[in-house]
Novice: 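Quick one: this structure, given as C-alpha cells, is what I'll be asking you about.
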Amino acid sequence: MTQRDEVRKRILMRAGEIFADRGFQSATVREICQRAEVNVAAVNYYFGDKERLYIDAVKDARELIASRWPLPEWTSETSTEQKLLMFVTTFLQRLLNTDPSNWRMKLLLREILEPSRACEEMIQESFRPFFGVLLDIIREAVGPDVSKYQLHQTGFSVISQCVFYLANRRVVEIMVTPTEREEHFQTEMLAKHITQFSLLGMKNSRSLPDPNPTSDTS
C-alpha cells in the first residue's frame, strides 16, 4: 500500500467513525481531519468533498461486511428452500454477526434508517444485484407467472423480516428473555424461521387471485 493509499484509508476510517456517531450533517471536515491527523485540505484532495467522503465511507463499510459473509454458491441440485435458507442466513450474518458498536454497522444502520445519496449508489451497485438473487429464488418458488409487483413485494417482505432484528435489537432484548433469545433467536434459528414462514406465504399466494391481473409480469 502506497503512502497515498494509507492516508486515504486513514481519513476514510476516521470519517466513518464520526459519521456513524453523528450523521452526515453534524460531522465536520475539520474534526475528521484532526482525528485522521491530516491537513483540512486533504478531504478535497482525496475525495473531492464531504459528501463524496461520506458515500465512500458507507460503501467501504458495506463492502467489508459483504466480503466477510459472501453469498454462497449453489448448483442445479440445490433446492429452492435450501437456496432461500442460504440467502437469508447470509443476510442475517451480515446484519447481526457484526458488533453493533462497530462503526461500520452503525453507519450502515444509520443509512438504512435515514437514506441519503450514498444509499442510492449502494442500491445500484450492490443491493440491486443482491436483491435480484432473492427475486430469482422467489420466482422459482411461486412460478414464472408471478407479477412483477408481487415479486417485489415478496422480496421486500423477506428483507424486512431480516432487517427487523437489526433495527430493533433493543426491542427484542426488552420483550424476549435472555434464555429465550439464546435458545430461539440466534442467527441460524432466525434464518430457519424466516425461510419457513416466507415459503409458506409464497405457497399460499399461488392460490390467491392477482388483485391487479393487468399488471406487468415481466
Side-chain angles (χ1 to χ4, degrees), residues 1-73 87-134 159-160 162-173 186-188 190-191:
M1 182 181 292
T2 66
Q3 182 177 3
R4 175 186 172 87
D5 292 336
E6 290 178 357
V7 173
R8 187 181 187 282
K9 188 67 174 178
R10 188 166 72 246
I11 296 172
L12 200 61
M13 290 189 64
R14 297 297 174 257
E17 293 168 353
I18 295 173
F19 286 138
D21 285 337
R22 304 186 185 178
F24 174 76
Q25 295 297 336
S26 298
T28 67
V29 170
R30 182 172 299 278
E31 182 180 8
I32 290 169
C33 291
Q34 286 177 343
R35 191 175 295 188
E37 299 180 338
V38 295
N39 187 282
V40 174
V43 166
N44 287 340
Y45 178 75
Y46 287 98
F47 298 94
D49 56 25
K50 176 184 169 184
E51 183 181 44
R52 187 70 247 173
L53 172 59
Y54 176 78
I55 292 172
D56 285 355
V58 172
K59 291 168 69 174
D60 178 72
R62 188 213 65 80
E63 288 168 4
L64 186 66
I65 292 173
S67 66
R68 187 173 180 184
W69 290 285
L71 267 177
E73 297 182 1
F87 180 94
V88 171
T89 299
T90 299
F91 192 39
L92 285 174
Q93 287 173 330
R94 294 180 182 182
L95 295 177
L96 305 181
N97 288 11
T98 302
D99 182 351
S101 65
N102 180 290
W103 71 261
R104 291 182 174 87
M105 183 50 68
K106 289 172 65 178
L107 182 58
L108 288 178
L109 180 57
R110 181 184 287 276
E111 187 60 26
I112 289 171
L113 298 178
E114 303 172 13
S116 69
R117 236 190 80 202
C119 187
E120 295 178 18
E121 289 198 19
M122 193 162 56
I123 287 172
Q124 295 299 332
E125 295 178 10
S126 58
F127 185 74
R128 187 180 292 279
F130 182 77
F131 191 59
V133 173
L134 175 59
I159 293 295
S160 297
C162 299
V163 173
F164 171 85
Y165 291 100
L166 171 65
N168 297 280
R169 281 182 190 264
R170 187 55 184 154
V171 173
V172 174
E173 289 174 356
Q186 299 303 310
T187 301
E188 291 185 3
L190 291 175

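In this text the structure is predicted, and so the values were computed from the model without any measurement.
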Novice: Would you compute the distance between atom CE of Met105 and atom CG of Leu95 and round it to the nearest 0.5 angstrom?
Specialist: 6.0 Å

Novice: In Å and rounded to the nearest 0.5 Å, what is the CD1 to CD distance from Ile18 to Gln34?
Specialist: 9.0 Å

Novice: Near Gln186 CD, under 6.0 Å, is it more than 12 heavy atoms from other residues, nucleotides or ligands?
Specialist: yes

Novice: Looking at CG of Leu108 and CG of Leu166, how far apart are the two atoms once the value is rounded to the nearest 0.5 Å?
Specialist: 9.0 Å

Novice: Using a 3.5 Å distance criterion without hydrogens, assess whether the side chain of Lys50 forms a donor-acceptor pair with backbone atoms of Val43.
Specialist: no

Novice: Using the test ring-ring contact (aromatic ring centres under 6.0 Å, His included), find all partners of Phe19 that sit at least two apart in sequence or belong to another chain.
Specialist: Tyr54

Novice: Between CZ of Arg110 and CZ of Arg22, what distance do you get to the nearest 0.5 Å?
Specialist: 10.5 Å

Novice: Please give me the minimum heavy-atom distance between Ala20 and Lys106, naming the atom from each residue.
Specialist: CB-CB, 3.9 Å

Novice: Of the non-hydrogen atoms in Asp56 and Arg8, which two are nearest, and what is the gap between them?
Specialist: OD2-NH2, 3.1 Å

Novice: Assess the side chains of Tyr46 and Arg10: does a donor N or O sit below 3.5 Å from an acceptor N or O?
Specialist: no

Novice: Which heavy atom of Ala167 sits nearest to which heavy atom of Leu109, and what is that distance?
Specialist: CA-CD1, 4.1 Å

Novice: Give me the ring orientation class for Phe127 and Phe130: parallel if the planes are under 30° apart, tilted from 30 to 60°, perpendicular past 60°.
Specialist: tilted

Novice: Please name the pair of heavy atoms, one in Ala191 and one in Thr89, separated by the smallest distance, quoted to 0.1 Å.
Specialist: CB-OG1, 3.2 Å

Novice: Could you go step by step and tell me if Lys9 and Glu6 meet the salt bridge (charged side-chain N to carboxylate O under 4.0 Å, His left out) rule?
Specialist: CA-CA 5 Å; Lys9 188 67 174 178; Glu6 290 178 357; over 6 Å; no

Novice: Regarding Glu121 and Arg62, does a basic nitrogen lie under 4.0 Å from an acidic carboxylate oxygen?
Specialist: no

Novice: Salt bridge check: are Arg170 and Glu173 linked by an N-O gap of less than 4.0 Å?
Specialist: yes

Novice: Taking all atoms of both residues into account, what is the closest heavy-atom pair of Ala41 and Asn39, and its distance?
Specialist: N-OD1, 2.8 Å

Novice: What heavy-atom pair brings Leu12 and Trp103 nearest, and what distance separates the two atoms?
Specialist: O-CH2, 4.3 Å

Novice: Would you give the length of the straight line joining atom CG of Leu96 to atom CZ of Phe91, rounded to the nearest 0.5 angstrom?
Specialist: 9.5 Å

Novice: Below 4.5 Å, heavy atoms only, C-beta onward: do Leu107 and Glu111 meet side chain to side chain?
Specialist: no

Novice: What's the separation between atom OG1 in Thr187 and atom CG in Asn97, rounded to the nearest 0.5 Å?
Specialist: 4.0 Å

Novice: Show your working on side-chain contact (heavy atoms from CB on, under 4.5 Å) between Glu120 and Ile123 and close with a plain yes or no.
Specialist: CA-CA 5 Å; Glu120 295 178 18; Ile123 287 172; 5.9 Å; no

Novice: More than 12 foreign heavy atoms under 6.0 Å from CD of Glu188: is that the case here?
Specialist: no

Novice: Does the Arg94 side chain pair with the main chain of Ile65, one donor and one acceptor, at a distance under 3.5 Å?
Specialist: no

